[in-house]
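Structure first, commentary second.
So you know, we letter chains A, B, ... as the sequences are listed, proteins then strands, and number each from 1. Note: hydrogens, waters and symmetry copies are ignored here, and every other heavy atom, side chains too, is used.
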Amino acid sequence: MSFIQAFLIALLGYCGARWSVPLWGDNGGWWTVGRPLVAGMLIGLILGDVTTGIIFGCAINSLYLGSITVGGVAANDINFAAYIGIPLAMTSGASTSEALTLGALLGALGVLVWNLVKILNVYWVHLMDRLLDQGKLDNAAAVPFYGQLFLFVFRFFPIFLACYLGPTFMQGVMNSIPAWVSAIIGIFGNMLPLIGFAIILKQCVKRNFEFIYFVFGFILFTVFKVSVIAILVVSLVFALADFRYGKTSEEGGSNE
Amino acid sequence: MSNNAVANEHLLTKKDVRKAWINWMWVYLSTQNMERMQAPAVVRTMYTVKDKLYPNNPEEQKDLLVRHMEFFNTEPTWGGLIVGIALAIEEQRAMHPEEVPNELVSAIKNALMGPCAGLFDSLYQSTLIPILLAIGIGISAETGSIVGPLVYIALFWAIVPTTSWFLFYNAYKIGLNGVNQILASGIKDKIISAANIVGLTVIGAVTASTCNVKTGLTFTFGESLIDVNAILEGIQPKILVLGMAFFTYWLLAKKRVSVNKIMLIMLVISIVGYFTTILA
């Protein structure tokens with residue numbers, strides 16, 4: 001990968017990290033270019049193969065579909081999974097399930113960076129305290145912008161180095177993998193996204209009968225071969241009916 | 001009558017509120033930290049209206065910002081409506097310093113940030129975003145078509161910022177009581193219930209499209225070779241995926257196994273499955 005390509009990917013990677021500011025905060029960042037689905041398209045554009053980029057992006061994104069941060073605590077780091085995982089998988093000619101396995105490993109690793117930056121950022125809060133105390137209001141209010149420094153350092157450089165130096169290394173690794181290991185990674189990678197979906201199920205299912213909706217969607221797709229958009233519309237009809245005619249659960253009202 | 005006159009007074013215009021909202025949306029997590037979470041962003045938001053609230057009064061301006069340096073954490077995209085309420089309270093405080101105690105804004109923020117995080121985490125992070133992503137992935141997973149990511153981007157930008165502004169501005173306008181009503185009434189449960197139906201159905205479809213579990217088991221009865229996978233597919237396509245999905249859910253939700261341990265379990269299953277040809 002060329003210097004420029006690695007540089008661009010690392011820059012996008014920083015912009016797509018959670019807490020990043022340049023693309024109007026998390027709106028254009030974390031929730032837009034930060035999604036592996038979108039990252040796959042952008043990385044594909046930079047590396048000249050949009051189709052493969054998007055296919056890898058879809059695979060990695062399905063693993064992290066339900067990965068949310070509760071109270072600011074991340075279970076897995078989607079940023080490195082996308083911005084290191086997708087480029088390395090693309091340049092080393094990996095299969096979809098190999099890309100997914102790589103993404104999962106990087107996701108687990110990236111949580112370290114996530115927590116590190118969050119600890120280091122305490123510095124900026126104390127700086128703001130001091131500046132306000134001294135009456136330097138303009139300066140204090142600018143901290144949320146220049147306080148991005150640590151995030152930038154710990155997102156840009158790991159991604160840049162991994163993308164710039166990684167492909168040769170990765171190609172060596174890919175070439176030395178025996179057939180049986182690839183087969184196992186294939187089985188494993190096809191199973192992995194189930195974790196993402198299980199997290200969603202855990203968050204959404206409050207009453208057991210709601211599983212029927214999950215099975216309903218599964219069957220519409222597998223048996224009736226309906227497109228996802230059509231399935232969305234059908235489910236909206238059911239949701240509307242539930243909202244308009246469903247009874248508010250008196251007994252389960254305040255279970256918090 | 002005098003109460004009415006008070007209620008209609010305003011220091012902030014809609015434009016000021018919009019500017020505050022844009023700043024909030026811009027930096028809400030920019031210096032996310034272990035100690036006070038989103039406090040710097042609240043300070044930045046208040047900073048944008050300080051000259052309108054306390055013109056030429058550096059001491060009050062400073063107090064305003066210092067007041068908001070305290071811990072704040074909620075779901076920021078939509079739960080940011082709390083900041084809209086805080087804005088309304090600060091406006092009242094600026095107009096009637098004697099009537100509005102300084103503790104009020106802090107009490108309100110503390111009371112609302114938990115419920116708002118709960119409601120909007122489940123609506124936004126766990127329902128809306130996965131649905132939008134699932135649509136994009138559903139379109140592009142097999143073909144790599146550029147339509148999937150573009151549809152996701154279009155839907156996200158059509159829905160999320162507009163909803164955020166709607167909530168923020170209305171929270172500012174109706175203030176505290178209206179929001180409390182929504183949080184307390186059954187509407188919250190009804191919305192979540194309806195959203196769940198869409199979420200679960202779409203997730204079911206995308207599970208089917210992105211995952212694969214197959215068995216390599218074959219038996220020979222006399223002359224004929226029996227392919228177990230073909231038989232299972234005849235009963236219900238991808239039935240093993242469905243089974244494995246419920247197994248994963250059971251581990252995660254019922255047995256409370258951590259995500260990393262589940263990955264290990266899956267790895268072991270894959271290795272054993274491969275060498276016994278149970279999985280292929």
Side-chain angles (χ1 to χ4, degrees), chain A residues 19 21 24-27 32 37-38 41 50-51 54-55 58 61-62 65-66 68 75 118-119 121-122 124-125 128 132 135 141 143-144 147-148 183-184 187-188 190-191 193-195 197-198 200-204 210 213-214 216-218 220-222 228 231-232 235-236 238-239 242-243 248, chain B residues 25-27 29-36 40-41 44 47 62 65-66 125-126 130 133 135-138 140-141 144 149 152-153 186 189-190 193-194 196-205 207-208 210-213 237-238 242 244-245 248-249 252-253 259 262 266-267 270-271 274 279:
Chain A
W19 319 330
V21 152
W24 195 34
D26 281 359
N27 305 292
T32 305
L37 174 69
V38 180
M41 175 178 73
V50 180
T51 308
I54 292 175
I55 289 174
C58 285
N61 213 149
S62 57
L65 203 58
I68 67 156
K118 218 164 128 183
I119 292 167
N121 274 348
V122 171
W124 303 111
V125 181
M128 264 179 105
L132 285 177
V143 168
Q148 286 273 295
I184 288 171
I187 297 172
F188 178 59
N190 281 327
M191 229 182 254
L194 289 173
I195 296 176
F197 301 128
I200 297 266
L201 288 177
K202 187 185 165 193
Q203 285 158 354
C204 291
E210 288 176 315
Y213 297 117
F214 175 79
F216 179 55
F218 192 93
L220 279 181
F221 190 87
T222 52
V228 175
I231 291 172
L232 174 75
S235 67
L236 280 172
F238 282 95
D242 180 79
F243 185 75
T248 31
Chain B
M25 288 291 274
W26 201 345
V27 298
L29 283 169
S30 76
T31 39
Q32 175 69 328
N33 62 87
M34 293 286 195
E35 197 180 294
R36 275 174 269 176
R44 168 84 206 174
Y47 170 82
K62 179 181 154 186
L65 300 195
V66 171
Q125 290 203 71
S126 323
L133 285 170
I135 294 167
I137 294 170
S140 297
Y152 169 78
I153 294 172
D189 293 333
K190 287 187 90 173
S193 165
N196 268 349
I197 293 177
V198 181
L200 290 169
T201 310
V202 173
I203 297 301
T207 303
T210 52
C211 303
N212 216 345
V213 182
K238 293 203 168 186
L242 205 54
M244 194 67 197
T248 313
Y249 169 80
L252 187 86
V259 167
I262 295 179
M266 284 186 168
L267 188 61
S270 308
I271 293 169
Y274 173 77
L279 295 178

*Can you say whether Met41(A) sits under 4.5 Å from chain B via the side chain, the backbone, both, or neither, judging by heavy atoms?*
side chain

*asked:* Are Met191(A) and Leu279(B) packed together at the side-chain level, in the sense that at least one heavy-atom pair is separated by less than 4.5 angstrom?
replied: yes

_Can you tell me which portion of Val198(B) sits under 4.5 Å from chain A's heavy atoms? Options are side chain, backbone, both or neither._
both

*Top residue by heavy-atom pair count (under 4.5 Å) with chain A, among Ala245(B), Ala208(B), Ala253(B)?*
Ala208(B)

*Please examine the side chains of Lys238(B) and Phe218(A), heavy atoms only from C-beta on, and report whether any two atoms are closer than 4.5 Å.*
yes

*Applying side-chain contact (heavy atoms from CB on, under 4.5 Å) between Trp19(A) and each of Leu29(B), Thr31(B), Asn33(B), report the one that passes.*
Leu29(B)

*Separation of Glu35(B) CD from Lys118(A) NZ (nearest 0.5 Å)*: 12.5 Å

*State, with a plain yes or no, whether a side-chain heavy atom of Leu37(A) is found less than 4.5 Å away from one of Pro149(B).*
yes

_chain B contacts, top residue of Phe243(A), Tyr213(A), Trp124(A) (heavy-atom pairs, under 4.5 Å)_ = Tyr213(A)

*Taking C-beta and beyond as the side chain, do Phe238(A) and Thr201(B) meet within less than 4.5 Å on heavy atoms?*
no

*Any residue meeting side chain to side chain donor-acceptor pair (under 3.5 Å) with Asp242(A), in chain and number order, not counting sequence neighbours*: Ser193(B)

*Against chain A, work out which of Ala41(B), Gly199(B), Ala141(B) has the most heavy-atom pairs shorter than 4.5 Å and name it.*
Ala141(B)

*Largest heavy-atom contact set with chain A, pairs under 4.5 Å, which of Asn196(B), Val66(B), Val27(B), Ile262(B)*: Asn196(B)

*Please flag which part of Trp24(A) lies under 4.5 Å from any non-hydrogen atom of chain B: side chain, backbone, both or neither.*
both

*Dump the intermediate steps for side chain to side chain contact (heavy atoms under 4.5 Å, CB included) on Met266(B) and Leu194(A), then the final yes or no.*
CA-CA 10 Å; Met266(B) 284 186 168; Leu194(A) 289 173; 4.0 Å; yes

*Please report the shortest heavy-atom distance between Ser235(A) and Ile197(B), naming the atom on each side.*
O-CG2, 4.0 Å

*asked:* Looking at every non-hydrogen atom in both residues, tell me the closest pair between Lys62(B) and Gly135(A) and how far apart they are.
replied: CD-CA, 4.4 Å

*Is there a side chain to side chain contact (heavy atoms under 4.5 Å, CB included) between Leu200(B) and Leu201(A) once you walk through the steps?*
CA-CA 7 Å; Leu200(B) 290 169; Leu201(A) 288 177; 3.5 Å; yes

_side chain to side chain contact (heavy atoms under 4.5 Å, CB included) between Ser140(B) and Ile55(A), worked out_ = CA-CA 7 Å; Ser140(B) 297; Ile55(A) 289 174; over 6 Å; no

*Might you work through the side chain to side chain contact (heavy atoms under 4.5 Å, CB included) test for Phe214(A) and Thr207(B), ending with a clear yes or no?*
CA-CA 9 Å; Phe214(A) 175 79; Thr207(B) 303; 3.4 Å; yes

_Interface residue of largest heavy-atom contact number with chain A, from Ile153(B), Leu242(B), Ile135(B), under 4.5 Å_ = Leu242(B)

*asked:* Can you confirm whether Pro40(B) sits close enough to Val143(A) that some side-chain heavy atom of one is under 4.5 Å from a side-chain heavy atom of the other?
replied: no

*Ser30(B) side chain reached by Gln148(A) side chain, heavy atoms, under 4.5 Å*: yes

*Kindly indicate whether the side chain of Tyr152(B), heavy atoms from C-beta on, has any atom under 4.5 Å from the side chain of Val38(A).*
yes

*For chain B, which of Ile119(A), Leu232(A), Ile187(A), Ile231(A) has the most heavy-atom pairs under 4.5 Å?*
Ile187(A)

